[in-house]
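Start at 1 with the first residue, then count along the sequence. Keep in mind that what you see is a predicted model, and the values were worked out from it rather than measured.
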Amino acid sequence: MIGDPFGFLNLNKPLGVTSHDAVDQARRAARFRSLKVGHAGTLDPLATGVLILCIGSATRLSEYVMGADKRYRAVVHLGTETDTYDAEGVIVRQQDVSGVTRAQIEAALPAFTGEILQVPPMFSAVKQQGKKLYDLARRGEVVERQPRPVRIDELVIEAWEAPLLTLDIRCSSGTYIRSLAHDLGEALGVGGSLAGLTRTASGSFRIEDAHDPDALFSGDWQAHLIPVSSALAGWERLTLDAASAEALAHGRSILRDEGD
């Protein structure tokens, strides 16, 4: 490959590894000191699945790839509520869920589909008055959070074996699945927290095509680079002449013909 490589890598992030660790592993494997490596969409250490690495000049497109819709398989522990809304936190409430039926859960789900307002968890990177919520939470502070608009297109029960509920979720970027687990538990009157999470898709990147990091970086990882054109295949394409390309390269706007 001539010059520094660029494109995207679709990783199947393992349990217990941070997104930052995955980027560091890619940097070591790349053996290019000046090569930029980033990721498009953080996954918590307790989450697994699709993590998109941006390699070289493709890092400039990370925000666009990050904004794509997501799909998750989530395991919700009904009857157990924690301060972080997931299995890492301290248990603050436990209730018996033997009386919760699948029909009751089905009846509660429509309230969480479509365009909804969602309150982010205290243990999150959302900033409020210039401070990250998780920094406040670690100091024992709980502040009122502003609800944020998100979109949940699909919310389907895959399994219900009390106390564990497995959901297939298709949603917009920025949706907090931990908050969904907590809020669903509240709606059912028993509390809930996120016990496990797998990102099964991010835009056009699917878990079926994702690579194990250790196996990928022990071989010819460059052979698995996904071109920018493939990653943004759903975007409208505009072909420019030389003059228009030169204008854009210098930050000038161009006129678009209606026929383009």
Step by step, work out the side-chain contact (heavy atoms from CB on, under 4.5 Å) result for Arg28 and Asp24.
CA-CA 6 Å; Arg28 292 193 299 271; Asp24 282 346; 3.8 Å; yes
Test salt bridge (Lys or Arg N to Asp or Glu O under 4.0 Å) on Glu186 and Arg93; report intermediate values, then the result.
CA-CA 11 Å; Glu186 288 293 302; Arg93 180 169 66 133; 2.7 Å; yes
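The shortest distance between side-chain heavy atoms of Asn12 and Asp212 does not fall below 4.5 Å. For the pair Ser193 and Glu81, the minimum side-chain heavy-atom distance is 4.5 Å or more. In this structure, Leu194 and Leu46 have side chains that are not in contact, with every pair of non-hydrogen atoms separated by 4.5 Å or more. Contact of the Leu11 side chain with the Val50 side chain is not registered, since no non-hydrogen atoms from C-beta on lie closer than 4.5 Å.
When hydrophobic residues (I, L, V, M, F, W, Y) are linked wherever their side-chain heavy atoms come within less than 4.5 Å, the members clustered with Val75 are Leu164.
Considering every non-hydrogen atom in both Leu184 and Ala108, the closest pair reads CD1-CB, 4.0 Å. Closest of all the heavy-atom pairs between Ala29 and Trp221 is O-NE1, 3.6 Å. Shortest non-hydrogen contact noted between Gly49 and Ile207 is CA-CD1, 4.0 Å. Closest of all the heavy-atom pairs between Trp160 and Val100 is NE1-O, 3.4 Å. The two atoms that bring Thr84 and Glu88 nearest to each other are OG1-C, 4.0 Å, heavy atoms only.
Ring geometry, His182 versus Tyr85: the interplanar angle falls under 30°, so the pair is classed parallel (tilted spans 30 to 60°).
Of the inter-residue distances, the one linking Ile152 atom CD1 with Phe112 atom CZ reads 8.5 Å to the nearest 0.5 angstrom. To the nearest 0.5 Å, atom CZ of residue Phe217 and atom CZ of residue Arg27 are 11.5 Å apart.
Of the possible polar contacts, one joining the Lys13 side chain to the Ala47 backbone as a donor-acceptor pair under 3.5 Å is found.
The salt bridge (Lys or Arg N to Asp or Glu O under 4.0 Å) test applied to Arg60 returns no partner, not counting sequence neighbours.
Salt-bridge annotation for Asp168 and Arg71: present, with a side-chain N of the basic residue lying under 4.0 Å from a carboxylate O of the acidic one.
Of the options Arg151, Arg199, Arg170, a salt bridge (charged side-chain N to carboxylate O under 4.0 Å, His left out) to Asp69 is made by Arg151 and by none of the others.
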